[in-house]
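A short worksheet on the structure shown next.
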Amino acid sequence: MEREVVEAELVLPSHFSFKKIQSYVKYPKGQSKVRWKHIKQIIQAENYQNYPPDEPNYVNIESPPSMHPCKRICDITGFEAPYFDPRTKLRYANTEVFKIIRSLPPDYVKRYLALRNALVVIR
Amino acid sequence: MPFISLIQRQSDYTNFASDVPIVIDNGASYFRIGWAGETDPRVIFRNIVLRPRHKGTGETVTVVGDHNTTLLKYFDMSRAGPRSAFEDDVVCQFEIMEYVLDFGFDRLGADQSEIDHPVLITECACNPLQSRSKMAELLFESYGVPSVAFGVDAAFSYKYNQRLGICDNNGLAVCSGFNTSRVIPFIGGEPVYEACCRTNVGGYHITDYMKELLSLKFPQHVSKLTWEKVEDLKMEHSYIAPDYASEVQIFKQGGKEAEEKTRCWQLPWTPLPVDEPPSEEEISRKAALKERQTQRMRELADAKRVSKINELENGIKGLEFLLQQLRNFEEKDIPAFLKETGYTSRQEVESSLIKNTQSLRKLKGEQIEVEEKPDSLLAERFSLINVPDETLTPEQIKEKRKQSSLKSAAEGRQRAKQKRVEEELERERKIKLEEQRRLENPQRYLEEMHAKYKEIMEKVEQRKRLKTNGTQTNGNNNNGTGAIGRGERLNAAQRERMRLLTTAAFDRGKGEDTFGIKDEDWHLYKLMSKDNDDEDDYKPDEDEAELARISSRLREIDPLFLAMSSEPGSSVAEAPRSRPLTEEDFQITFGVERFRCPEILFNPNFIGIDQAGLDEMVGVAIRRLPSKGRELEESITNSILLTGGSCLLPGMSQRLEAGIRMIRPCGTPIQIFRASDPILDAWRGAAAYATAMQFPYQTFSRMDYYEKGEDALRRYQLRYNI
């Protein structure tokens with residue numbers, strides 16, 4: 001390892017005196033046996049539906065959907081978008097933007113759609 | 001810069017008695033650790049872990065936090081993106097969390113056999129039990145911590161600011177963090193979790209949105225738009241518009257104000273050296289060099305030609321001599337004599353002589369008379385044709401067949417030649433006619449030509465379009481959008497074929513199957529299998545030739561004529577490629593993006609998250625309060641505290657106030673305060689809290705953990721008023 005890397009103590013040592021169980025014991029090198037649950041799995045395992053509904057929990061403190069009418073903005077420019085292109089499914093503000101979106105390569109269209117979570121992926 | 005890392009190792013760890021709590025603000029973006037009672041955390045670093053491979057040794061190492069990026073050049077970072085222990089605001093990946101805690105305790109100076117200090121660590125509101133118990137397990141079992149207290153960062157921040165006199169006993173904390181934004185109401189100085197409200201949008205989403213928008217806008221500079229750089233751009237330039245619609249209108253109209261609000265990031269760029277036109281001397285030198293080269297080539301070719309001529313002449317002389325000798329021999333002795341020379345008969349010698357003389361003439365540049373032989377010769381050559389078969393020997397019959405085929409070929413050639421001559425005449429006649437017409441009325445002639453040119457141009461264009469449309473979109477059929485209709489992607493012939501195929505497929509199913517009774521039925525397959533592309537090829541060629549002819553003619557007679565480029569679109573597409581790159585090409589300009597990206601805090605549906613924005617969340621939180629009453633609600637809206645990293649965005653409080661005013665009853669007093677330090681207040685509040693006399697009674701001890709287990713941990717809740 002290079003001297004400057006060692007001097008900067010960039011790399012986390014594997015042994016610490018203050019630990020009762022060292023991480024190399026817990027997670028033997030090269031194999032992380034533990035598969036950590038994702039947030040969705042944690043929520044599922046938590047069985048919140050069995051808890052009293054008036055007790056606050058991680059799920060029921062989430063905000064409800066907005067009551068305001070959904071603001072539609074142009075996917076390219078951010079202007080207000082009165083129009084919708086049925087071919088690319090993009091929203092657009094004016095004819096110039098329309099020209100742009102019609103000349104966009106398909107993967108760009110997909111990325112713009114993915115930005116507002118509107119990309120339909122067919123598996 | 002509001003976010004600064006402090007990773008110096010502390011040396012005074014042993015000075016602290018074992019009852020001094022360690023305070024950790026475990027934020028999704030930054031990890032802060034320090035001692036209770038102090039004003040600032042000792043160690044601050046980004047809450048991420050990198051697991052790159054060392055280039056030299058090939059071992060995978062763990063790097064926590066943000067370090068000097070220049071040192072990372074020794075590591076292969078290709079497969080090691082930064083990893084966070086968080087999902088939304090919940091700690092999920094405890095392996096990563098452990099590395100982060102290791103690093104934090106290490107830099108705090110811990111060097112004993114265990115961490116013998118109570119630990120106060122922040123968590124999100126209503127942290128799922130699993131996450132909390134895993135954290136407790138980690139702290140108790142791996143580090144030997146005697147007791148742990150879990151608190152909510154926003155609450156600590158509120159309490160800290162309450163102590164500073166910024167906000168009231170009743171109030172509301174609006175905390176816009178890295179992964180989520182929370183609104184927590186406070187009544188009597190205690191958070192009311194029943195009424196709190198969380199939207200999964202935060203600073204991370206703003207940066208991510210900005211990064212993606214800019215890289216879509218400037219695809220050529222994607223490599224420059226790193227996460228860290230965009231984060232910097234966000235913090236430096238983005239703001240929250242007082243009203244999105246009117247702000248965007250400024251940019252839509254353009255003008256001076258929009259220009260002033262547009263920011264520009266100049267990427268490193270060095271102008272290309274302008275090549276000077278070559279000097280006179282240079283040109284002449286080059287010309288001389290070229291001349292010399294051609295001279296040499298010419299000399300070489302001449303020498304070659306002369307030697308070839310000599311060779312041929314010698315050959316001819318030899319052959320003539322041979323023929324002379326042959327005259328002295330009898331017919332039957334000839335083969336024996338010729339054996340040595342390689343020829344088999346007298347005719348062969350003669351023919352090779354003729355060949356040699358011909359090529360000699362050619363070399364010398366003389367005209368060779370071709371084939372044209374007098375008719376008498378012709379008659380002689382085809383002597384056998386008119387003789388009836390019966391009178392001939394089998395050999396002669398063979399000869400006759402050969403002659404007849406030769407004759408027909410010769411006649412064909414003759415005919416073709418005649419036709420060529422006629423065509424030439426015709427063309428000349430046409431040109432003359434056209435010239436005449438032109439002279440009669442030049443203006444009208446020109447117009448006619450232009451019209452014709454346009455017509456053919458359109459025809460060619462259309463054909464080209466059909467063709468390219470067919471092939472181009474067929475090429476990326478896999479584009480998945482399915483947006484391009486089937487009809488648009490095939491040309492007419494292909495469409496017809498598709499129609500045949502589909503009708504064949506569907507008709508077969510119903511009724512009696514009579515296919516194949518008539519012979520014509522089978523023609524269908526011929527039609528289907530035909531590759532229609534080949535047919536089209538002939539005609540456009542003809543058209544294009546005509547087009548070329550007309551355009552050249554027009555160029556001759558009309559000085560103003562400019563041939564349209566064959567593809568109108570190409571000129572637009574190719575323009576930037578041919579033009580030299582300028583400074584402007586290395587600028588990343590962003591105007592609307594400056595407030596479009598932070599706007600997602602108020603309109604999460606911009607990034608497809610169907611939840612209430614910050615202003616609505618305040619309304620939701622007040623609605624959810626278990627105890628209602630106008631007075632209470634007014635006291636709450638009268639003390640709204642803004643905290644969390646995203647609250648640093650300029651314009652936040654004005655916008656929030658406008659938004660809340662819209663949803664609260666008219667005349668409601670609304671006061672919004674920004675936390676004294678939105679970033680560090682949570683830690684400071686926690687550090688102050690941990691010094692309280694009552695703090696040890698608010699902790700969850702290792703004993704409790706082993707005796708009471710998870711259920712007690714679930715019910716565990718900190719009281720903030722102590």
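These numbers come from a predicted model, not from an experiment. To find a chain, count down the sequence lines: A is the first, B the second, and so on, and within it residues start at 1. All values below were derived from every heavy atom in this structure, side-chain atoms included, with hydrogens, water molecules and symmetry-related copies excluded.
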Mind telling me whether A:F18 and B:F105 have parallel, tilted or perpendicular rings, with 30° and 60° as the class edges? perpendicular
Contact class of B:N603 relative to chain A, heavy atoms under 4.5 angstrom: side chain
Counting only heavy atoms closer than 4.5 Å, note whether B:Y99 contacts chain A via side chain, backbone, both or neither. both
Under the criterion side chain to side chain contact (heavy atoms under 4.5 Å, CB included), I'd like the reasoning laid out for B:Y193 against A:I61: C-alpha separation, chi angles, the key distance, then a yes or no. CA-CA 8 Å; B:Y193 292 123; A:I61 64 164; 5.6 Å; no
Of the backbone (N, CA, C, O) and the side chain (C-beta and beyond), which part of A:N60 lies under 4.5 Å from a heavy atom of chain B, both, or neither? backbone
Chi angles and distances behind the side chain to side chain contact (heavy atoms under 4.5 Å, CB included) call for A:S66, B:N605: CA-CA 9 Å; A:S66 173; B:N605 73 317; over 6 Å; no
A:K19 and salt bridge (Lys or Arg N to Asp or Glu O under 4.0 Å): which single residue from B:E98, B:E141, B:E114 fits? B:E98
Could you look at B:D208 and say if it's the side chain, the backbone, both or neither that has a heavy atom under 4.5 Å from chain A? neither
At a heavy-atom separation under 4.5 Å, does B:T62 approach chain A through its side chain, its backbone, both, or neither? both
If you count heavy-atom pairs under 4.5 Å with chain B, which of A:E80, A:K37, A:H38 comes out on top? A:H38
Contact origin within B:P219 toward chain A - heavy atom pairs under 4.5 Å: both
Under the side chain to side chain contact (heavy atoms under 4.5 Å, CB included) criterion, do A:L10 and B:F75 qualify, and how do the steps go? CA-CA 11 Å; A:L10 181 72; B:F75 298 94; 3.4 Å; yes
Leading residue by heavy atom contact count with chain A [cutoff under 4.5 Å; candidates B:S142, B:G613, B:A195, B:G144]: B:S142
Heavy-atom pairs under 4.5 Å with chain A, option from B:G608, B:C126, B:A621 with the top count: B:C126
Within 6.0 angstrom of A:F84 CZ, more than 12 heavy atoms from elsewhere: yes
Name the region of B:V63, side chain, backbone, both or neither, that has any atom closer than 4.5 Å to a heavy atom of chain A. both
Among the options B:K55, B:Q112, B:K134, B:K217, pick out the one with the most heavy-atom pairs lying under 4.5 Å from chain A. B:Q112
Using non-hydrogen atoms only, which part of A:S103 is less than 4.5 Å away from chain B: side chain, backbone, both, or neither? neither
Using heavy-atom distances under 4.5 Å, tell me whether A:F16 contacts chain B through its side chain, its backbone, both, or neither. side chain
How close do B:Y244 and A:K71 get, heavy atom to heavy atom, and via which atoms? CB-NZ, 4.1 Å
If you compare all heavy atoms of A:D75 against all heavy atoms of B:R596, which two are closest, and at what distance to 0.1 Å? O-NH2, 3.1 Å
To the nearest 0.5 Å, how far apart are CH2 in A:W36 and CE in B:M97? 11.5 Å
For A:N94 versus B:K252, what's the shortest heavy-atom pair and its separation? ND2-CE, 4.5 Å
B:R624 portion near chain A, given a 4.5 angstrom heavy-atom threshold: side chain
Hey, does the side chain of A:E46 reach the backbone of B:L129 with a donor-acceptor pair shorter than 3.5 angstrom? yes
Does a sphere of radius 6.0 Å around CZ in B:R702 hold more than 12 heavy atoms from other residues, nucleotides or ligands, not counting ones at 6.0 Å or beyond? yes
Measure A:E55 against the heavy atoms of chain B and call it side chain, backbone, both or neither at under 4.5 Å. side chain
Proximal component of B:Q249, with respect to chain A [non-hydrogen, under 4.5 Å]: side chain
Exceeds 12 heavy-atom contacts within 6.0 angstrom, atom CD of A:Q44: no
A:L115, part contacting chain B, at a heavy-atom distance under 4.5 Å: both
Contact class of A:I76 relative to chain B, heavy atoms under 4.5 angstrom: backbone
What's the verdict on side chain to side chain contact (heavy atoms under 4.5 Å, CB included) for B:Y143 and A:K20, showing C-alpha distance, side-chain angles and the deciding distance? CA-CA 6 Å; B:Y143 299 99; A:K20 286 172 140 185; over 6 Å; no
Please check this pair: side chain of B:E616 against backbone of A:M67, looking for a donor-acceptor N/O pair closer than 3.5 Å. yes
Closest non-hydrogen atoms of B:L138 and A:K26, given as atom of the first, atom of the second and distance, are CD1-NZ, 3.3 Å
Side chain, backbone, both or neither: which part of A:A114 has a non-hydrogen atom closer than 4.5 Å to chain B? neither
Heavy-atom pairs under 4.5 Å with chain B - which of A:N117, A:T77, A:I39 has more of them than the others? A:I39
Contact part of A:D107 toward chain B, heavy-atom cut-off under 4.5 Å: side chain, backbone, both or neither? neither
Name the member of B:I7, B:V192, B:I115 that forms the most heavy-atom pairs with chain A at distances under 4.5 Å. B:I115
More than 12 heavy atoms of other residues, nucleotides or ligands under 6.0 Å from NZ of A:K40: yes or no? no
Is it the case that more than 12 heavy atoms not belonging to A:Q49 sit under 6.0 Å from its CD atom? yes
Tell me whether A:S63 contacts the main-chain N or O of B:C197 through its side chain, where contact means a donor paired with an acceptor under 3.5 Å. no
For A:Y58 and B:C124, which heavy atoms make the closest approach, and how far apart are they? CE1-SG, 3.9 Å
Looking only at non-hydrogen atoms, find the nearest pair between A:G78 and B:V248 and report the distance. O-CG2, 3.4 Å
